[in-house]
Amino acid sequence: MSFRFKAVAATALSLATLAIGGWAHAADLPVKAAKKAPDLPFFLVIDDRVSFSWMPKGTDPGMWSTRPDGSINGTTAKQVYSFTHFDLWAYGTNFFTISMFKSGHNDPASPCTAPGVNINGTPSDCAGATEIYGLFRSTFGWNELFNTKTFTAGPLHNISFEVGMDANTENNFLAPAKRDVVGGLQFAFDLPYKGYIDVAPLVYWEFLNHNAFTQCGLFGAGVAGVTCNSDGNVSYRATWAVEINYYMDLGFLPPNMQFWSISGRAGWYGPKGDSNGLPALSGIGRFSTASKTELNSEPIRLTFDASKAAWGDKYSHFVDLWVAYRYWQNKFGLDHNAMPGVCTVAATGQSTNSCTESTVYGGVTVKF
């Protein structure tokens, strides 16, 4: 959690300690009645925000078109609408975000199976797809659970248990419906200028997804579990994951310029089995459908605290303007060098440029 949230929590707990101490002292005085200590709220901090951002070069695996000069266009512009919630309570933190991604025509909604082509193979100009993606993470601090400071030493601020879940749905022909859970530890470290960095080694299990292209009956009867999936649903084996996020004010700037901060995140997710849930097709080489290690990252986001600049410290981070770089390799675990028909052109092995996302994007975030 950020220094701001730690400071608020520490202040609240300190006030509670002073209140309790004052009550005990008053009880020893024969002429004053004891006063009950005020109850602390269940949530010490609640922080809710909405964001709008624009991503000029988003991708969706398998969605690509050919330009007039023969080159491949695997990107599409995306509008992103997000809601995030953070809270701090006596034993840890909760973080939740849900986003809607609205794509351009190069990432079409169903019934198109590719830009400009519907399921019947005839020309069709479908609207851009809409994806809903939600994520939550909860931590339970060891210092708080065991009422100790043992897990604070040097830059180490705390160790926590961490649990979470992701889920998505999208109205394209693939009709993904990802469901996964994570669990493990989080190591929280302090950074200079009221910053932090959290490192979380986790177990990741994607227990359900959907892939309409692998559903039995779409391209012939098939053999369920061997050449197709009976209902298109795909489950994977558990694997490892590491998630990192950080935040730091640019406190080295002159006082009249201290409206800037940097933040970022990265998540690595290990191979989880065959991407289509059909191990017979995993193989090796460019025709393989085996999953690969996935890197989903936003290594840097530069934020300008517009409300603090305009109205002072009291309104810090009520309105933020930001620009970021996003890099996502082997998107959803798909091998960007293989996966014929999705990440590469089946006939030639040429990249479709749709399984790696590399884009600069920007937006505005408002606290309410």
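Only heavy atoms go into these numbers, but all of them, side chains included; no hydrogens, no water, no symmetry mates.
- Here the side chains of Trp328 and Glu294 are in contact, with some heavy-atom distance below 4.5 Å.
- Of the inter-residue distances, the one linking Asn211 atom CG with Asp231 atom CG reads 11.5 Å to the nearest 0.5 angstrom.
- Using modelled atom types, one finds no donor on one side chain facing an acceptor on the other under 3.5 Å when comparing Thr359 with Tyr325.
- Annotation: the span from Asn229 atom CG to Asn276 atom CG amounts to 7.5 Å, rounded to 0.5 Å.
- Atom OG1 in Thr130 sits 9.5 Å away from atom OH in Tyr81 (nearest 0.5 Å).
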Q: Decide side chain to side chain contact (heavy atoms under 4.5 Å, CB included) for Arg49 and Phe86; before the verdict, give the C-alpha distance in whole Å, the side-chain angles of both, and the deciding distance to 0.1 Å.
A: CA-CA 9 Å; Arg49 299 166 186 265; Phe86 174 88; over 6 Å; no
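- Within a 6.0 Å radius of OH in Tyr315, other residues, nucleotides and ligands contribute 12 heavy atoms or fewer.
- Side-chain atoms of Ser291 do not come within 3.5 Å of backbone N or O of Gly333 as any donor-acceptor pair.
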Q: Give the intermediate values and the outcome of side chain to side chain contact (heavy atoms under 4.5 Å, CB included) for residues Thr76 and Met63.
A: CA-CA 9 Å; Thr76 184; Met63 294 295 107; over 6 Å; no
Q: Dump the intermediate steps for side chain to side chain contact (heavy atoms under 4.5 Å, CB included) on Val345 and Ile72, then the final yes or no.
A: CA-CA 10 Å; Val345 179; Ile72 290 178; 3.7 Å; yes
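- Annotation for Asn147: atom CG does not count as buried by contact number, only 12 or fewer foreign heavy atoms lying within 6.0 Å.
- Counting heavy atoms from C-beta on, the side chains of Ile98 and Ile132 come closer than 4.5 Å.
- Side chain to side chain, Ser82 and Ser99 meet the donor-acceptor criterion of an N or O pair below 3.5 Å.
- Using a 4.5 Å cut-off on side-chain heavy atoms (C-beta onward), Phe368 and Val50 make contact.
- Ring centers of Tyr361 and Trp322: under 6.0 Å apart, within the cut-off.
- With salt bridges taken as basic N to acidic carboxylate O contacts below 4.0 Å, one links Glu357 and Arg326.
- Taken from NZ in Lys308 to OG in Ser316, the straight-line distance is 5.0 Å, to the nearest 0.5 Å.
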Q: Dump the intermediate steps for side chain to side chain donor-acceptor pair (under 3.5 Å) on Gln329 and Asn296, then the final yes or no.
A: CA-CA 7 Å; Gln329 188 181 63; Asn296 182 350; over 6 Å; no
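- For the pair Val364/Val319, a side-chain contact is recorded, criterion being any heavy-atom separation below 4.5 Å from C-beta on.
- Counting heavy atoms from C-beta outward, Leu302 and Leu250 have side chains that approach closer than 4.5 Å.
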Q. Side chain to side chain donor-acceptor pair (under 3.5 Å) between Asp166 and Tyr133: does it pass, once the steps are laid out?
A. CA-CA 8 Å; Asp166 300 55; Tyr133 197 105; 3.1 Å; yes
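- For the residue pair His210 / Asn233, no side-chain donor-acceptor distance below 3.5 Å is found, with atom types taken as modelled.
- Using modelled atom types, one side-chain atom of Gln258 and one backbone atom of Gly251 make a donor-acceptor pair closer than 3.5 Å.
- Between Glu206 and Lys272, at least one side-chain nitrogen of the basic residue sits less than 4.0 Å from a carboxylate oxygen of the acidic one, meeting the salt-bridge criterion.
- Inter-residue side-chain proximity for Arg301 and Ser261 is flagged as unmet; no heavy-atom pair is nearer than 4.5 Å.
- Shown are Asn330, Val342, Thr344; of these, the side-chain contact (heavy atoms from CB on, under 4.5 Å) with Asp335 is made only by Asn330.
- At a threshold of 4.5 Å between non-hydrogen side-chain atoms, the residues Met165 and Val182 do not count as touching.
- Summarising the geometry of Leu334 relative to Cys343, their closest heavy-atom pair is CB-SG, 3.7 Å, with the distance given to 0.1 Å.
- Asn158 and Glu144 share a side-chain donor-acceptor pair at under 3.5 Å.
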Q: Assess whether ring-ring contact (aromatic ring centres under 6.0 Å, His included) is satisfied between Tyr269 and Trp240, documenting all intermediate values.
A: CA-CA 6 Å; Tyr269 306 90; Trp240 59 268; 8.2 Å; no
Q: Decide side chain to side chain donor-acceptor pair (under 3.5 Å) for Thr75 and Asn73; before the verdict, give the C-alpha distance in whole Å, the side-chain angles of both, and the deciding distance to 0.1 Å.
A: CA-CA 6 Å; Thr75 65; Asn73 179 15; 3.2 Å; yes
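- A donor-acceptor pair under 3.5 Å is absent between the side-chain atoms of Arg67 and the main chain of Ser65, judged by distance alone.
- Here Tyr236 is tied into one hydrophobic group with Val234, each link being a pair of ILVMFWY side chains closer than 4.5 Å.
- Once rounded to the nearest 0.5 Å, the distance linking CZ of Phe96 with CZ of Phe83 reads 7.0 Å.
- Residues Glu162 and Leu185 are not in side-chain contact: their nearest non-hydrogen atoms beyond the backbone lie 4.5 Å or more apart.
- Within the structure, salt bridge (charged side-chain N to carboxylate O under 4.0 Å, His left out) contacts touching residues 235-251 (residues at least two apart or in different chains) are Arg137-Glu243.
- Stacking of Lys367 on the aromatic ring of Phe318 is recorded, both the 6.0 Å distance cut-off and the 45° axial limit being met.
- Scanning both residues, Thr227 and Gly222, for their nearest heavy atoms gives OG1-CA, 3.4 Å.
- Within the structure, side chain to side chain donor-acceptor pair (under 3.5 Å) contacts touching residues 83-92 (residues at least two apart or in different chains) are Asp48-His85, His85-Asp87, Asp87-Asn94.
- Looking only at distances, a side-chain donor or acceptor of Ser351 sits under 3.5 Å from a matching main-chain atom of Asn353.
- Residues Thr122 and Asn120 bring no donor and acceptor atom of their side chains to less than 3.5 Å of each other.
- Ring planes of Tyr193 and Phe252: perpendicular class, angle over 60° (limits at 30 and 60°).
- Note: Phe189 and Tyr246 fail the aromatic proximity criterion, with ring centroids not under 6.0 Å apart.
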Q.
What verdict does the side chain to side chain contact (heavy atoms under 4.5 Å, CB included) test give for Thr356 and Thr59, after you've listed the backbone C-alpha separation in whole Å, the side-chain angles of each residue and the deciding distance to 0.1 Å?
A. CA-CA 7 Å; Thr356 295; Thr59 64; over 6 Å; no
Q. Step by step, would you call Thr139 with Thr93 a side chain to side chain donor-acceptor pair (under 3.5 Å)?
A. CA-CA 5 Å; Thr139 64; Thr93 64; 2.6 Å; yes
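- In this structure, NZ on Lys78 lies 5.0 Å from CG on Asp60, to the nearest 0.5 angstrom.
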